[in-house]
Number of protein chains: 2
Amino acid sequence: MVDRTSGLPAYRQVADDLRARIASGELAPGDRLPSERQMVDTYGVSRPTVRDAVNLLRTEGLVIAEHGRGVFVRRATSVMRLARLSRSAREAGRGAFLGDAAAAGFTPSVEVQVTFEPADARMAELLGVAVGTELCVRDRVMDADGVTVQLAVSRFPRSVTKGTAMEQPDSGPGGTHSRLEEGGHQLDRFTEAVGARMPTPHESSVLQLSPGVPVLTVTRVAFTVDGRAVEVNDIVMSADRFSLAYEIPAT
Amino acid sequence: MVDRTSGLPAYRQVADDLRARIASGELAPGDRLPSERQMVDTYGVSRPTVRDAVNLLRTEGLVIAEHGRGVFVRRATSVMRLARLSRSAREAGRGAFLGDAAAAGFTPSVEVQVTFEPADARMAELLGVAVGTELCVRDRVMDADGVTVQLAVSRFPRSVTKGTAMEQPDSGPGGTHSRLEEGGHQLDRFTEAVGARMPTPHESSVLQLSPGVPVLTVTRVAFTVDGRAVEVNDIVMSADRFSLAYEIPAT
DNA sequence: AAACGCAACTGGTCAATACCAGTTGCGGGG
DNA sequence: CCCCGCAACTGGTATTGACCAGTTGCGTTT
């Protein structure tokens, strides 16, 4: 029963109570919450108010609503830990994603679409080329165990991809990085900028995200030994299925 | 005006329209959206429906509501790019955060609280010690230009901190890492695990997060040259104010 | 001219109600 | 016995109506 004199909004009181019951373990992961109509009785508030409370917990990522079934306490999701870019995997004949995912014990697959477009301001900046320079765009949808878990869009100046398998959906054994090195563009280092944000509606549906789950974004730029940027890879992945592992020397 | 025959829920149609007007620039960052009551007229729906639409955009982080003023298109927030752990900064007499933030052009300050507690299962695992081992806990609240931007909790086995300035709020010049090396614990490498999630209510208020903004989480473990983990640092920061920059050799 | 205070806005909260749309289980018919 | 279909649940969408609570600006008062 909510306290109408406390000053705290009723829906917050309901949300706080549910949150506390989840934290205490009374409502364990996978458990179903009382139905909205039951809570209307137990808390003495209207259904919209109950829904406001449940929606709060949903945006906090604590619970998941399933139409026709109920609202459930979210299960702790096992995260894939992605180690960043081991050359060993590339030399074993796999691209970066395939190597990472296989190492994490998943069976991955990738769907690729290749297009061409002129460089916008951001790409020009990152690749160090003029705006309008023609780029080869590899748009990739990556699945693990059948579900889409990662979106990645790589862009290369077409000067480094022309006449190579990089302009084909199947870029060949070892992926695009192997093709780059074969073309004399010896890779020296990558920079990664990691961020997080809420997904766009499109990302939300493709990645099958529950409401309240953010995405991790990685912008990876590949540089050759002569300091030239040859690839910008924009990666988006579900934050509740991934964490990124980095190792940094103290030197 | 919404289309009642399209099958798409009315509140989604309103949200889609607003989202499109924001994307097109018709509603620019900082602009005020029409008031809820105005939208009731223009779209021909009830106010709760309008609110559902606006709430969707809020959880997407596109707009911010201000009580009594209106709903505003979110301004592009300038993100601080944090380079991970340069020794040069540490040797210049600053801790990692102070070095990073100063490099990004902010005037940082840190508030520290030191406590002691036994290791739980996770800490025991990460630090390679027995559950219950006494730890020194440094709980830090980091401000930049006056606003709290980062929370960090470092835990050390007390065996490495006993009798050092690490058990004082002011750990001295160069921060705890300098104290560790003075104590013969020469740092060799760090591992960082980066994730993202929605903030807890506490984090949300301390970090002054707008609704719909996730937090980036970093768990950094420091290892000495003899392979021993001596520090676990749990860092939480606002994802709309930070991105993390890593550099990875291709070797 | 300055300061106060009161509209007239804004979003925030809440109620009562209705119907739509998935899911599930049980009972009756094949 | 199996299967189909219908209740009886679940959450999803939407309405109308009301009042509370910040903010702002414009008048009036001092």
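Lettering of chains follows the sequences in order, A, B, ..., and the numbering in each one begins at 1. Quantities reported herein were computed from a predicted structural model and do not represent experimental measurements.
- Of the charged side-chain nitrogens involved, none lies within less than 4.0 Å of a carboxylate oxygen, so that A:Glu111 and A:Arg140 do not count as a salt-bridged pair.
- With a heavy-atom cut-off of 4.0 Å to chain A, the contacted part of DNA chain C has its first and last nucleotide at C:dT13 to C:dT24.
- Salt bridge present: B:Glu117 and B:Arg155 bring a charged side-chain N and a carboxylate O closer than 4.0 Å.
- Ionic pairing of A:Asp17 and A:Arg21 is present here: one or more N-O contacts between side-chain nitrogen and carboxylate oxygen are shorter than 4.0 angstrom.
- Between the side chain of A:Arg37 and the base of D:dG11, at least one donor-acceptor pair of N or O atoms lies under 3.5 Å.
- Residue B:Arg4 is classed as a sugar-phosphate contact, given heavy-atom separations below 4.0 Å to backbone atoms only.
- For A:Arg19, the side chain to side chain donor-acceptor pair (under 3.5 Å) criterion is met by A:Asp16, A:Glu60, not counting sequence neighbours.
- Protein atom OH of B:Tyr11 is 7 Å distant from nucleotide atom C1' of D:dG12, rounded to whole Å.
- When heavy atoms are screened at a 4.0 angstrom cut-off, A:Gln38 is found touching the sugar-phosphate backbone but no base atom.
- Among the heavy atoms of the strands lying under 4.0 Å from B:Pro48 is at least one base atom, whether or not backbone atoms are also near.
- Rounded to whole Å, the distance from CZ on A:Arg51 to P on D:dT13 is 7 Å.
- Whole-Å rounding puts the A:Arg69 CZ to D:dG12 C1' distance at 16 Å.
- As judged by a 4.0 angstrom heavy-atom cut-off over every strand, A:Thr49 is placed among residues touching the sugar-phosphate backbone only.
- Among residues two or more places apart in sequence or in another chain, the side chain to side chain donor-acceptor pair (under 3.5 Å) test is passed with A:Ser238 by A:Asp240.
- Salt bridge B:Asp31/B:Arg74: absent, no basic N to carboxylate O contact under 4.0 Å.
- In terms of the side chain to side chain donor-acceptor pair (under 3.5 Å) criterion, residue partners of B:Asp3 (sequence neighbours excluded) are, by chain and number, B:Thr5.
- Using a 4.0 Å cut-off between charged nitrogen and carboxylate oxygen, B:Glu231 and B:Arg138 do not count as a salt-bridge pair.
- The stretch residues 54-68 of chain A comes close to DNA chain D through A:Arg58, A:Ala65, A:Glu66, A:His67, A:Gly68, each having a heavy atom under 4.0 Å from the strand.
- Residues passing the side chain to side chain donor-acceptor pair (under 3.5 Å) test with A:Arg69 are A:Glu66, sequence neighbours excluded.
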